[in-house]
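Residue indices begin at 1 and follow the sequence shown.
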Amino acid sequence: MGTATEKATFRAVAVLPEIPVDSALARLFKQPRARDRTHWFSLPGGSKLFGQGDASDDLYVVRTGRLGAFRREDGQEPHFLGIIRPGEPAGEMALIAGVPHSADVYALRDSEIFAVPKAAFFEACDADASVMTELARLMIRRTRQVARRGPVGDPSVFGFVSAGSPGPIRPVVDRLEREIAALGYEVTTVGAEAAAAPTEWFSEVERVHDFVLYVAERDETAWAPFVPRQVDRLFQVARGDHHPEGQTPPPGAATLRAQQLVDLILVQPAETVRPVGSEAWLDATGAARVFHVLQGANEGFERLARVLTGQSVGLVLSGGGARAYAHVGAIKALREKGVPIDFVGGSSMGAVVAAGLAMGWDEAEMDERLREAFVNTSPLDDIALPLLAMTHGVKVGERLQRHFGETQIADLWLPFFCLSSNLTTGAYQLHKRGSLRHSLRATIALPGVLPPATDGQNVLVDGAVMKNFPADIMRAAHLGPIVGVDVTTSRSITADDVARPSSVWRWIWSGQWRLGPPIVSLLMRAATISTGRDLAAAREATDVLIQPDVSSIEIRDWRAYDEAVEAGYRATIEALGKVTRPIPHLRRRQSLREQATDGVAMTPFMATTRAPAE
């Protein structure tokens, strides 16, 4: 196919098979002004088409292959914006606006690109205004999709390669294929038997299937480098009970790794109670996420099928002190209604409940552990001379140790994250790896109430200070529907809640001191107030928003467990009753068969936009 620097003037009438010949974009190439100055060039997989901040001098159209768009923000991982498929343009927003590109665009596989110079493009638009009209519609759709519904052009081609010595991985991929087919999609698995097939064969396979799974075994040295250059996302498959000795990155996957598009599947023995050693595998593979599947069990494979098809459900839980007990009731209701929970995250006390869910605690264990840790005796009664905080934080640390032990986040059954607020950098800190209890200690370190946590020279406090309801964080890395439970919107503290006790001795004698002095309520509420802008962004990211009425619960009343749980349960049942489709289907893409039945002509522009969830 050549290199990215090899260009050829494209003088024939361009008819791209993926673009309807009567579309405005196809007519662009029929305009002599554009046709005679259009260049064709090849872009090898992993190469950058243009970078964030580069000048916008050309309109690019993908002829074959696929491009991925990513945005970089200071101190954060690359944010995946979407996939650009054959027949679709790239760089059109910056070109028309006359501004530098706002994203990096890479070739996810060997691609062929048409480049129309800016001047030729605008001259062609003057001759046929419908070209600009169609591109304007596309830009509006893409902008709305990214802002409200997540990435455009959902991934549909996935690769699977061995990591370590897991034995044959084709059975794992075949099992996953069956689960995807059970969801109503056309899916096929392609192995080394296709190594000699021409490029057109791969394009046709991908065109007639909703999902294509490429798999390479460890000893297929000629085929293995091809797979990462052909896929939208790569999965490395390993044995969870093995150690990653001498593991090297898969050949051809450098760009996918750089853009956080490589994941890890750890196959765990059937008798595994909780995975161990997953952090070492993440270090060895450079994977962005880890998924655990248990041999002989369906749950892990069903979850992976939902992840690949954009039907996995993310649950986000807000902070809110004792009011966060409502999350327990919400989880109970979701389980009763059969809503799967595939990803989970939260801030402050919401992160503690989320961690219990990711640990695999069932309803009874969740109830028992939270009562022991927070309800039966106050976690905040080890009052200290307030040099750093009003409590020593020893009791909280001991209880986190007792219930979460030395568990690493990577060893949780569900992908989990929590947030703390980094006072050193002035930004939130995302915890996706490392010690679970240390991360939880940071996310609940309410300023003035608990001493701050530290990470090297960084000072970390309660995640709610900067982002109390991190649904937008879940959306940035999650294609499926998101259920959010926010307990911070109810009527909060009043003047009565922060009134000075009439008698300090009576206050001590009554046992109210175990809740902490009234200033604790003031500090807790101050830390869990989100700005209107942040709250609007977080709520916009959710597909189902649940807001329990916990206004009658004092934010530091750790004994109000049953009342809060019941409020969360009722609110969730009510919210689910208003949803007209199963939660996993809220973002479900139509299969090719369904599109044909509905009489939908799938142009590339339509493929990048879907109707919003009901």
TODO: Run through V190, V231, T189 and flag the one making a side-chain contact (heavy atoms from CB on, under 4.5 Å) with V212.
DONE: V190
TODO: Going by the side-chain contact (heavy atoms from CB on, under 4.5 Å) test, name the single residue among E299, R306, Q311 that passes it with P340.
DONE: R306
Open item on the list: Surrounding CD of E204 (heavy atoms of other residues, nucleotides or ligands, distance under 6.0 Å), is the total greater than 12?
Closed with: yes
Open item on the list: Around atom CZ of R175, are there more than 12 heavy atoms from other residues, nucleotides or ligands closer than 6.0 Å?
Closed with: yes
Is the closest side-chain donor-acceptor distance between [X] and [Y] under 3.5 Å?
X	Y	answer
Q429	D455	yes
E112	S42	no
S156	R66	yes

Charged N to carboxylate O under 4.0 angstrom, [X] versus [Y]?
X	Y	result
D58	K118	no
D232	R85	no
R178	D174	no

Keeping the roles fixed (side chain from [X], backbone from [Y]), state whether a donor-acceptor pair exists under 3.5 Å.
X	Y	value
R475	G480	yes
Q52	R71	no
N422	Y428	no
Q236	I265	no

Got a second to check how far [X]'s [atom1] is from [Y]'s [atom2], nearest 0.5 Å?
X	Y	atom1	atom2	answer
D411	Q268	CG	CD	8.0 Å
E186	I180	CD	CD1	12.0 Å
R233	R289	CZ	CZ	4.0 Å
S162	E220	OG	CD	8.5 Å
D210	T309	CG	OG1	10.0 Å
R303	D342	CZ	CG	5.0 Å

- [ ] Validate the cation-pi geometry between R588 and Y185: distance from NZ or CZ to the six-membered ring centre under 6.0 Å, angle to the ring axis within 45°.
- [x] yes
Open item on the list: Evaluate Y60 against F41 for side chain to side chain contact (heavy atoms under 4.5 Å, CB included), listing each step before the verdict.
Closed with: CA-CA 10 Å; Y60 300 99; F41 63 93; 4.0 Å; yes
Check whether any side-chain heavy atom of [X] sits under 4.5 Å from a side-chain heavy atom of [Y], and report yes or no.
X	Y	result
E179	L304	no
V215	V172	no
F160	L213	yes
R433	L282	yes
V344	F417	no
H478	S312	yes
L67	L49	yes
V205	T188	yes

Can you tell me how the ring of [X] sits relative to the ring of [Y], calling it parallel under 30°, perpendicular over 60° and tilted otherwise?
X	Y	result
F158	F211	parallel
F226	Y214	perpendicular
W223	F202	parallel

Mind listing the closest non-hydrogen atom pair of [X] and [Y] along with its distance?
X	Y	answer
G184	S591	O-CB, 3.6 Å
L95	D57	CD1-C, 3.9 Å
A410	V290	O-CG1, 3.6 Å
E92	L59	CB-CD1, 3.6 Å
A280	H243	CB-CE1, 4.2 Å
W281	A163	CH2-O, 3.8 Å

Task: Chi angles and distances behind the side chain to side chain contact (heavy atoms under 4.5 Å, CB included) call for K467, D472 - done: CA-CA 10 Å; K467 195 174 285 288; D472 52 337; 2.9 Å; yes
TODO: Let me see the working for H292 and S278 under side chain to side chain contact (heavy atoms under 4.5 Å, CB included), right down to the final yes or no.
DONE: CA-CA 9 Å; H292 301 280; S278 307; 3.1 Å; yes
- [ ] For side chain to side chain contact (heavy atoms under 4.5 Å, CB included), just list the numbers for D263 and F291, CA-CA rounded to whole Å, side-chain angles, deciding distance to a tenth of an Å, and then say yes or no.
- [x] CA-CA 8 Å; D263 293 324; F291 299 94; 4.1 Å; yes
